[in-house]
Amino acid sequence: MDKTFKPAEIEKRWYAHWEESGYFAPGGSGDPYCIMIPPPNVTGSLHMGHGFQQTLMDALIRYHRMLGNDTLWQVGTDHAGIATQMVVERQLEAEGRDRHELGREAFIERVWQWKGESGGNITRQLRRLGTSPDWSRERFTMDEGLSRAVQEVFIRLYREGLIYRGQRLVNWDPSLHTAISDLEVIAEEEQGHLWHFRYPLSDGSGHLTVATTRPETMLGDAAIAVHPEDERYAQLVGKTVDLPLVGRQLPIVADDYVDRDFGTGCVKITPAHDFNDYALGQRHGLPLINILNADATLSDAVPEFYRGLDRFTARERVVADLEQLGLLEKVEDHTLKVPRGDRSGVVIEPWLTPQWYVDAKKLAAPAIEAVESGAIAFVPKQWENTYFSWMRDLQDWCISRQLWWGHRIPAWYDPEGNVYVGEDEASVRAEHGLSDNLPLHRDEDVLDTWFSSALWTFSTLGWPEDTPELARYHPTSVLVTGFDIIFFWVARMIMMTLHFRGEVPFHTVYVHGLVRDSEGQKMSKSKGNVLDPIDLIDGIDLEDLVAKRTAGMMQPRLAEKIEKATRQHYPEGISAYGTDALRFTFYSLASTGRDIKFDLGRIEGYRNFCNKLWNAARYVLMNAEGEDCGQDPEAPVSYHLVDRWIRSRLQETIGEVHRALDNYRFDLAAQVLYDFVWNEYCDWYLELSKVALRDPTGDDAARRGTRQTLVQVLESVLRLLHPFMPFITEESWQSVAPLVGVRGATIMRQPYPEVDPSSVDKAASAELEWLKIIVLGVRNIRGEMNVAPGKTVDALLRNGTENDKKRLLDNQTFLMQLARLGSIRFLADGESAPAAATALAGDLEIFVPLAGLIDREAELGRLTRELNRIEGELKRLRGKLDNPGFVAKAPAEVVEREREKLAAQEQAQARLEAQRQALEDM
RNA sequence: AGGACCAUAGCUCAGUUGGUUAGAGCGCUACCUUGACAUGGUAGAGGUCGCCAGUUCGAAUCUGGCUGGUCCUACCA
């Protein structure tokens, strides 16, 4: 074994072996346990959020697999309609072509081809994380089976009246030429202007002033609205104004939507280009004047002069023309929220188009009920509120997209515009008795990607077929997801699954935080602060990292800034930490918080932890291989105190890990394991074992017991750690397991450790605590007195009980080795203590004689500091116990505990005070 | 505007139903290459738990208010 842990080689070797051996497939006779992967976007590459999420799921899966559950982790990707189409369109653009030139069929062919070449990227990366999904069942939302499920769902919802086609305002992306959902629109504050225009009253009696942030929309104005109780305008309601530049007469209407205090209190109403205006228009029967084409140029509905202009050019033109006419009253700077498409980044237009909708309100009621009743539980629970607030105010879901890549809507139109929904053209004709010469054309649109993702839990298991997998693994056990897609995906899955399966998609939704950089900033390409989990595993040098982060940057200034920041943050690049260290870091950060700040310092610490574990295994193997470790059940074995102690502590650790994992507290599990391995097993037990194994007075049974304990505890620890650090545990386990008499092809399929109550040993714990206090007391003296580590000191004990005396007898060798003592003994009756440094272990006093190596003044200082601390403690305790309310009302055992503390502190004070006197008198 | 969440050591975070001397890792200081490990060991410094009230015998923990920060939803043209 190497002196340091080298992850790269063993990771590749073990992963290939696991996958080839089929260890990831379901199996086991226990209850089914199933997780559906939130399908990553097929165009994507692995980012820290994926890494984090996959790692959490893998721990759950490996844990349950080892618990004996029949474990299915369903893996796959989604087709990401817009994103994927954009990628391929950009490729075409680079070739100087576009998709229209290619035609729909050839274009889709091209997308499939691209998917075949690059779609495996993300799954390759998932493998690097050591995840253990059942790759043989990998699915893609555009697969034949899943497409069938999508079609089936669409047709059935249509027939049930839950899908309908309607013409209304949607969020239109003028660069992608498609509708997008509310959730794909990001509205952020930007600097703009508020233009004030005068609209002359038709009767010539003056004008009204309206304010707008989007002047070009005035060409589509249909009315002016004022507040019904606004006295300034009351007499104008019912009159009309002349719309400048257009000449149309607009009615003045009263509506309490208007805010009297904003601007002039008069609002121009453009029903075809604003969601609020649309609603107002409906109330007042106003016409919809659609002034935009699909690409956001002005349509034929505007005066000829403006037709075909881009919306922003038209804006300048309209402002200039109104100014010319003297109708521009003023322009103010104004901050407003501008809606932009999260993919394209362009300003989104509310636009009037025919689209398909799901009647979400009807589907929502049972979905709300499922969470209220506890059939589905969110962890942490607070996310249920987020879910409810979204569900209670649900809008109908626009599911059509004007794209080519996706599930094409199974609807056909005849020349009259009648719609027929069905599996294919032939069945539509047959069902509706349409003659063969009636021309039908299929709807051009595809469905929102989330429509197919909403079916994910059951479509991946074979629905609408009645498969055995569906019966066995559905409902699934837990969904692991980020809070950012509770609306997007979780809610829709619940609605669809309840409707089509009559059961919930999963029992638990575990909501994790979002990974951010060390300053809490969201990681994004444009900020240049993204970390690729693979780079943390393999390492990357500075130049490559800079190149990677600035690649494809449109703005050179931004690239420069990113380069500078990167060079500052990672002057040495990033070193290779390995998968296990990365994973353990993710677990340790997975607390209940919403933000996960990823700090390189943490991963370095856990890389060191891997190395610690590695070296602990090295030590154990060096001492156990080729030796008698008690594999033979006939050989007599006796356990020394230290063995009984570590075995007992192991049981507590096992219990805590179970509790933590059952509550999705990966951070606590990681903490408990780290603490046990490093601070107990390595720091104390391994050191104690050295003493035990070298003890010339020990017998074979005892040495056998210690070796057996060394290997058994390590072997258990490896199994405990395996769900978190799969590679290092597998590699070590292969060498360690035979020493405990276990042989197995893989640790993956070994049972997870369970608490063995018979190994819990309170007495051993107490005695070892005693040993530790003495060792730490002497070490503290040595440390503070600057005694050279190589030098031994002597220790004298006084005032011990019979128990202390017995313990000394039993543990003398351990004390001497661990505290580097030359001798240790009790003072004889009547023997006076020499000038010494003092430590206390309860009643027991420990003296380390000064005898030339300890500084009297330094010891006086040390005693004084300790006495001051005790003084503070006494004050606190006396204050508490002098309070009659406390003594009367607090539970008796609490009062008793405080009294004991007080007595102990008083005694410590007396002892140390006496010692100080003694030193001062010298 | 409404709602949610957060505020604990220099940094990143734990702290279970109120009772601990408030913990961990990283960082910091001193000493040490001792036979598993310098990706290490030993010892140490460092916190009036954001602020103010209240409930209680007792508050980091419960309640209210304030301040600061993050996010979500809805948006005023």
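Heavy-atom basis, side chains included; hydrogens, waters and symmetry copies ignored. Bear in mind the structure is a predicted one, so any value in this text is a computation, not a measurement. Chain identifiers are assigned alphabetically (A, B, ...) following the order of the sequence lines, protein sequences preceding nucleic acid strands; residue numbering begins at 1 within each chain.
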Participant: What is the base-pairing partner of B:G35, counting Watson-Crick and G-U wobble geometry with both distances under 3.5 Å?
Facilitator: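 Partner of B:G35: none found under 3.5 Å.
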
Participant: Are any of A:Asn608's side-chain N or O atoms less than 4.0 Å away from OP1 or OP2 of B:G40?
Facilitator: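 For A:Asn608, the contact criterion (side-chain N or O under 4.0 Å from OP1 or OP2 of B:G40) is met.
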
Participant: If I pick the C1' atom on B:G41 and the same atom on B:A36, what distance separates them, to the nearest angstrom?
Facilitator: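 12 Å, rounded to whole Å.
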
Participant: Distance check: side-chain N/O of A:Ser591 vs OP1/OP2 of B:A14, anything under 4.0 Å?
Facilitator: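 The answer is yes; a side-chain N or O of A:Ser591 sits under 4.0 Å from OP1 or OP2.
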
Participant: Look at the side-chain N and O atoms of A:His334 and state whether any lies under 4.0 Å from the OP1 or OP2 oxygen of B:A77.
Facilitator: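 Checking B:A77 against A:His334, a side-chain N or O does come within under 4.0 Å of OP1 or OP2.
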
Participant: Are the ring centres of A:Trp383 and A:Phe378 closer than 6.0 Å?
Facilitator: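 No, the ring centres sit 6.0 Å or more apart.
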
Participant: For a quick test of reading the model: is some side-chain N or O of A:Trp390 closer than 4.0 Å to OP1 or OP2 of B:A74?
Facilitator: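 Result: no.
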
Participant: Whole angstroms only, please: what is the CD1-C1' distance between A:Ile728 and B:A36?
Facilitator: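 So the CD1-C1' distance, A:Ile728 to B:A36, works out to 13 Å.
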
Participant: Heavy atoms only, 4.0 Å cut-off, all strands: where does A:Asp683 land among base, sugar-phosphate and nothing?
Facilitator: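 Counting heavy atoms under 4.0 Å across all strands, the contact made by A:Asp683 is with sugar-phosphate only.
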
Participant: In Watson-Crick or G-U wobble terms, both distances under 3.5 Å, what is the partner of B:G46?
Facilitator: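 No nucleotide pairs with B:G46.
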
Participant: Could you label the plane-to-plane angle of the A:Trp678 and A:Phe609 rings as parallel, tilted or perpendicular, counting under 30° as parallel and over 60° as perpendicular?
Facilitator: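 Judged by the thresholds at 30° and 60°, the geometry between A:Trp678 and A:Phe609 is parallel.
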
Participant: Quick one: which of B:C57, B:U39, B:U12 gets closest to the side chain of A:Ala890?
Facilitator: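 It is B:C57.
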
Participant: Does B:U21 have its OP1 or OP2 closer than 4.0 Å to a side-chain nitrogen or oxygen of A:Arg876?
Facilitator: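 Yes, such a contact exists.
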
Participant: Please name the nucleotide paired to B:A1 by Watson-Crick or G-U wobble geometry with both distances under 3.5 Å, or report none.
Facilitator: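 By the stated definition (distances under 3.5 Å), B:U73 pairs with B:A1.
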
Participant: Measure the shortest side-chain to side-chain distance between A:Glu871 and A:Leu867 over non-hydrogen atoms and say whether it is less than 4.5 angstrom.
Facilitator: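 Result no, sub-4.5 Å side-chain heavy-atom pair not found.
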
Participant: Specify whether A:Tyr199 and A:Phe197 have parallel, tilted or perpendicular ring planes, treating 30° as the upper limit for parallel and 60° as the lower limit for perpendicular.
Facilitator: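 Ring orientation of A:Tyr199 relative to A:Phe197: parallel.
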
Participant: How close or far is atom P of B:A43 from atom CG of A:Asn679, stated in whole angstroms?
Facilitator: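 Result: 11 Å.
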
Participant: Is the closest basic N to carboxylate O distance between A:Asp517 and A:Lys597 below 4.0 Å?
Facilitator: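 No, A:Asp517 and A:Lys597 are not salt-bridged.
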
Participant: Between the base of B:U16 and the side chain of A:Arg659, is there a donor and acceptor pair under 3.5 angstrom?
Facilitator: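 Flag unset: no donor-acceptor pair detected.
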
Participant: Quick one: look up who B:A7 pairs with, Watson-Crick or G-U, both distances under 3.5 Å, and put none if it's unpaired.
Facilitator: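 Paired with B:U67.
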
Participant: If you check every side-chain atom of A:Tyr257, which of B:A77, B:C37, B:G19 has the closest atom?
Facilitator: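 It is B:A77.
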
Participant: Roughly, in whole Å, what's the span from CD in A:Gln817 to C1' in B:G41?
Facilitator: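 These atoms are roughly 16 Å apart.
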
Participant: Identify the nucleotide, in any strand shown, that forms a Watson-Crick or G-U wobble pair with B:U16, with both distances under 3.5 Å; if there is none, say none.
Facilitator: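 The base-pairing partner of B:U16, which may sit in any strand shown, does not exist here.
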
Participant: For A:Asn780 and B:G44, is the shortest distance between a side-chain N/O and OP1 or OP2 below 4.0 Å?
Facilitator: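 Affirmative; the distance criterion is met.
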
Participant: With a 3.5 Å cut-off and just heavy-atom distances, do the side chain of A:Glu687 and the base of B:A36 make a donor-acceptor pair?
Facilitator: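 Check passes, donor-acceptor contact within cut-off.
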
Participant: Calculate the interatomic distance between A:Leu877 atom CG and B:G19 atom C1'; express it in whole Å.
Facilitator: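 Spelled out: CG on A:Leu877 to C1' on B:G19 is 12 Å.
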
Participant: Determine: side-chain N/O of A:Lys3 to OP1/OP2 of B:U39, distance under 4.0 Å, yes or no.
Facilitator: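 Result: no.
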
Participant: Of all the choices, B:C32, B:A43, B:U21, which nucleotide is nearest to the side chain of A:Leu776 once you look at every atom?
Facilitator: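 The nucleotide sitting nearest to the side chain is B:A43.
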
Participant: Nearest whole angstrom, please: distance from the P of B:G19 to the CZ of A:Arg899.
Facilitator: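 Interatomic distance, CZ of A:Arg899 to P of B:G19: 20 Å.
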
Participant: Is a donor-acceptor contact shorter than 3.5 angstrom present between the side chain of A:Arg602 and the base of B:U12?
Facilitator: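 Present.
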
Participant: Out of B:C26, B:C37, B:A77, which has the shortest distance to the side chain of A:Asn615?
Facilitator: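 Shortest atom-to-atom distance from the side chain points to B:C37.
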
Participant: To the side chain of A:Ala616, which of B:C71, B:G44, B:A36 is closest?
Facilitator: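 Among the listed nucleotides, the one closest to the side chain of A:Ala616 is B:A36.
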
Participant: Within the structure, does a side-chain N or O atom of A:Asn276 lie under 4.0 Å from either OP1 or OP2 of B:C76?
Facilitator: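 True: A:Asn276 side-chain N/O within range (under 4.0 Å) of B:C76 OP1/OP2.
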
Participant: Can you check whether any acceptor in the base of B:C37 is under 3.5 Å from a donor in the side chain of A:Lys612, or vice versa?
Facilitator: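 Indeed, a donor on one side and an acceptor on the other fall under 3.5 Å apart.
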
Participant: Salt bridge between A:Glu349 and A:Arg214, side-chain N to carboxylate O under 4.0 Å?
Facilitator: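 Counted as a salt bridge, because a side-chain N and a carboxylate O are separated by less than 4.0 Å.
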
Participant: May I have the distance from A:Asn868 (atom CG) to B:A45 (atom P), rounded to whole angstrom?
Facilitator: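 So the CG-P distance, A:Asn868 to B:A45, works out to 13 Å.
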
Participant: Could you tell me whether A:Tyr606 and A:Tyr577 have their ring centroids closer than 6.0 angstrom?
Facilitator: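 So the answer is no for these two rings.
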
Participant: Give A:Tyr674 one of three labels, base, sugar-phosphate or nothing, depending on what nucleic acid heavy atoms sit under 4.0 Å from its own.
Facilitator: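 Sugar-phosphate: the residue A:Tyr674, judged by heavy atoms under 4.0 Å, touches backbone atoms but no base.
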
Participant: Less than 6.0 angstrom from the centroid, inside 45 degrees of the normal: does A:Lys690 satisfy that with respect to the ring of A:Tyr619?
Facilitator: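 Flagged: A:Lys690 positioned over aromatic ring of A:Tyr619.
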
Participant: Separation of A:Leu902 atom CG from B:U21 atom C1', in whole Å?
Facilitator: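 To the nearest whole Å, that distance equals 14 Å.
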
Participant: Less than 4.0 angstrom between a side-chain N/O of A:Lys268 and OP1 or OP2 of B:A77, yes or no?
Facilitator: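 So the side-chain polar atoms of A:Lys268 never come under 4.0 Å of the phosphate oxygens OP1 or OP2 of B:A77.
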
Participant: What is the separation between atom CG on A:Asp599 and atom C1' on B:G10, rounded to the nearest whole Å?
Facilitator: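 To the nearest whole Å, that distance equals 13 Å.
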
Participant: May I ask you to evaluate whether A:Arg665 reaches the phosphate of B:G15, defined as a side-chain N or O under 4.0 Å from OP1 or OP2?
Facilitator: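 Yes, because at least one side-chain N or O of A:Arg665 sits under 4.0 Å from OP1 or OP2 of B:G15.
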
